[in-house]
Amino acid sequence: MVSLKVQEGLAKAQENPVIGYKSLLSSLDDFSPPEARSTDLKAITDNLFAASHGVVTTKAVLSDLISVLKNSQNYESWIDVGTHIVRAISSTPSLSSSLVDQASALRELIATAHESNEDFLAAAKILAEIPLDSSQRRVSDREKAQIWIRIVRNHLEEDDSTTAETYLNKLKNVMHKVGDTDPEMMLHFKLSAARIQDSNRQFLQAASSYHDISFSPSIAEEERLHTLSMAIKCAVLAPAGPLRSRALGRLHKDERSAGLEEYGILEKMFFDRLLSSDEVEKFAQSLAPHQLAKTSDGSTVLARAVVEHNLLSAGRLYTNIGFDELGLLLGLDGDKAEETTAKMIEQGRLTGSIDQIDRIIYFEMGEASGEHGSGHTTAQVGKEIRRWDNNVQALAEDVERVTDLLQAEFPEFVATQIAV
């Protein structure tokens, strides 16, 4: 119920609206208890719009009303009263176009309250209602960037990278104009871009972005180490191949990495060592839900990354291996091991060839280029066998040459020791 003093103040305010409403709002703390404050402010709003005082008076009173609401530091009141005022503005066509600034300020206030309550989707929606390209209101590039970056971050908190990316693309059009003068906003932009790449499973790009951010002097040391940790996680999850090897190399060279929990798996991957299931399981516990999501073939992103890494490691240990034996090593059946190998060779992430008749995979020494189709060797199936033949032939020729030398120097010894 509306306070009696407020009712009396509203009656007096009609004589001189600007002074009357201002006086009422400034003395509200004296007679409007906190539990009745929202009701009283909504009553003042209803009275203001019902009286039709005109644009100038309404603007002045609304500015005072918003100031009182903001100073209350009551987030629930910000949402309740703020939403009520915005609706009142929207339902008054004769004034709505002239009160765009006030409506925008209220929407930002409501969004802040939603963010404090961790209702990020509601915050993003109310911020999206702020007109940034209206002909009735000039909005600077900096103001646009501030609103869009908040929308992006709120959608990312809801794991909605698709909508977040839409607003990030809008940001790209203005960041080059405001980023140089606002390092903090540029940092938020880069971090949001990295998080979107991460959510979209563009792990190589995300690893690079996170690593760059980890050097920023604008954030605390703890945050820098956190972004470095995120860079390592993304590099581990990236598709195995020369590009990931280079990313792992940069992170391994970073002296700060040695102090992180993820350093163990980083080091093993960098040196192409096989990963055990216990190490993988421990690493999985530190990943975000989207990093553990299942791929189209039913496996997780981490499981696929580990299989591909162990396949590369096997290529360092063996010159050739059977389908079934490789499957045991990778935790797959023989056919799946062949399919994974063929895919990596075809994508240029592994060099070798496959003999499907004898069910043998031949690995080539050296690193793949990473280009599509470059994993196929110029020689076809059987090249390794021919190389072995050549080695055996060379060894036999060496033995024959030594025998001839012995025959020339010690014919009697050779006659008694070597049967013809």
Side-chain angles (χ1 to χ4, degrees), residues 1-14 16-132 134 136-137 143 146-147 150-151 154:
M1 183 176 177
V2 181
S3 304
L4 181 61
K5 290 285 187 179
V6 171
Q7 295 180 31
E8 294 173 355
L10 290 174
K12 293 179 181 179
Q14 306 312 309
N16 191 330
V18 176
I19 296 176
Y21 282 114
K22 189 177 185 67
S23 175
L24 176 60
L25 289 168
S26 61
S27 59
L28 208 57
D29 288 336
D30 298 334
F31 50 77
S32 179
E35 62 271 14
R37 185 63 55 86
S38 293
T39 302
D40 290 340
L41 289 174
K42 287 193 285 187
I44 295 172
T45 300
D46 292 339
N47 182 274
L48 174 65
F49 281 92
S52 301
H53 290 298
V55 174
V56 176
T57 299
T58 304
K59 270 188 177 182
V61 176
L62 267 184
S63 296
D64 291 336
L65 183 56
I66 294 170
S67 180
V68 170
L69 179 62
K70 188 174 183 179
N71 291 335
S72 70
Q73 293 298 314
N74 185 324
Y75 295 138
E76 296 304 321
S77 183
W78 287 10
I79 296 171
D80 184 22
V81 179
T83 302
H84 187 82
I85 300 174
V86 169
R87 286 174 181 166
I89 295 173
S90 301
S91 60
T92 311
S94 60
L95 294 174
S96 59
S97 61
S98 301
L99 301 175
V100 176
D101 287 334
Q102 287 73 20
S104 298
L106 284 164
R107 287 187 171 101
E108 287 194 58
L109 201 62
I110 296 168
T112 300
H114 282 310
E115 289 167 346
S116 299
N117 294 337
E118 297 187 0
D119 189 352
F120 301 109
L121 182 58
K125 286 181 177 179
I126 197 71
L127 287 170
E129 293 176 5
I130 297 176
L132 299 178
S134 173
Q136 291 97 357
R137 180 175 180 245
E143 290 173 315
Q146 287 175 329
I147 298 298
R150 286 181 69 183
I151 295 175
N154 281 313

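Values below: all heavy atoms of this structure, side chains included; hydrogens, waters and symmetry mates excluded.
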Pick from Leu28, Val81, Asp80: which one makes a side chain to side chain contact (heavy atoms under 4.5 Å, CB included) with Arg37?
-> Leu28
Start with the C-alpha gap between Glu108 and Ile147, add the side-chain angles, then the distance that decides, and say whether side chain to side chain contact (heavy atoms under 4.5 Å, CB included) holds.
-> CA-CA 9 Å; Glu108 287 194 58; Ile147 298 298; 3.7 Å; yes
Compute the centroid of each ring, for His53 and then for Tyr21, and state whether the two points are separated by less than 6.0 Å.
-> yes
Side-chain donor or acceptor of Ser67 paired with backbone N/O of Ser63 under 3.5 Å = no
Distance in Å, Tyr75 OH paired with Glu115 CD, rounded so as to fall on 0.5 Å steps = 10.0 Å
Heavy-atom distance under 4.5 Å between the side chains of Leu127 and Arg107, does that happen here?
-> no
pair Glu76-Asn117: side-chain heavy atoms closer than 4.5 Å = yes
Heavy-atom side-chain contact between Val61 and Lys22 under 4.5 Å = no
Dump the intermediate steps for side chain to side chain contact (heavy atoms under 4.5 Å, CB included) on Leu25 and Leu41, then the final yes or no.
-> CA-CA 9 Å; Leu25 289 168; Leu41 289 174; 4.1 Å; yes
What do you reckon, is NZ of Lys125 surrounded by more than 12 foreign heavy atoms closer than 6.0 Å?
-> no
What's the verdict on side chain to side chain contact (heavy atoms under 4.5 Å, CB included) for Thr45 and Leu62, showing C-alpha distance, side-chain angles and the deciding distance?
-> CA-CA 8 Å; Thr45 300; Leu62 267 184; 5.6 Å; no
Step by step, work out the side-chain hydrogen bond (donor to acceptor under 3.5 Å, both in side chains) result for His84 and Asp46.
-> CA-CA 9 Å; His84 187 82; Asp46 292 339; 2.7 Å; yes
Check whether any side-chain heavy atom of Ile89 lies under 4.5 Å from a side-chain heavy atom of Leu106, and answer yes or no.
-> yes
Steps toward side chain to side chain contact (heavy atoms under 4.5 Å, CB included) verdict (Asp64, Val68) = CA-CA 6 Å; Asp64 291 336; Val68 170; 5.6 Å; no
So, Gln73 side chain and Lys70 main chain: donor-acceptor pair closer than 3.5 Å or not?
-> yes
For Val100 and Ser97, work out which heavy atoms get closest and say how close.
-> CG2-O, 3.4 Å
Separation between CD1 (Ile44) and CG (Asn47), nearest 0.5 Å, reads 8.5 Å
Working to the nearest 0.5 Å, report the span between CG of Leu109 and CD1 of Ile79.
-> 9.5 Å
Measure the shortest side-chain to side-chain distance between Ser96 and Ser90 over non-hydrogen atoms and say whether it is less than 4.5 angstrom.
-> no
Considering residues, nucleotides and ligands other than Glu35, do more than 12 of their heavy atoms fall under 6.0 Å from its CD?
-> yes
From Ile126 CD1 over to Asn154 CG, what is the distance, rounded to the nearest 0.5 angstrom?
-> 12.0 Å
Does Thr58 use its side chain to pair, donor to acceptor, with the backbone of Gly54 at less than 3.5 Å?
-> yes
Evaluate whether atom CG of Leu121 has more than 12 neighbouring non-hydrogen atoms of other residues, nucleotides or ligands under 6.0 angstrom away.
-> yes
To the nearest 0.5 angstrom, please state how far the NZ atom of Lys42 sits from the CD1 atom of Ile85.
-> 10.5 Å
Between the main-chain N or O of Asn74 and the side-chain N or O of Ser77, is there a donor-acceptor pair closer than 3.5 Å?
-> no
Taking all non-hydrogen atoms of both residues, which atom of Ala111 and which atom of Ala123 are closest, and how far apart?
-> O-CB, 3.6 Å
Side chain to side chain, Trp78 and Ser72, heavy atoms closer than 4.5 Å | yes
For residues Gly82 and Leu69, report the shortest heavy-atom separation together with the two atoms involved.
-> N-CD2, 4.0 Å
Closest non-hydrogen contact found for Ser26 with Ser23 is OG-O, 2.9 Å
Would you please test Arg150 and Thr112 for side-chain hydrogen bond (donor to acceptor under 3.5 Å, both in side chains) and show each step?
-> CA-CA 10 Å; Arg150 286 181 69 183; Thr112 300; 3.2 Å; yes
Smallest separation among heavy atoms of Ser98 and Val55, with atom names | CB-CG1, 3.7 Å
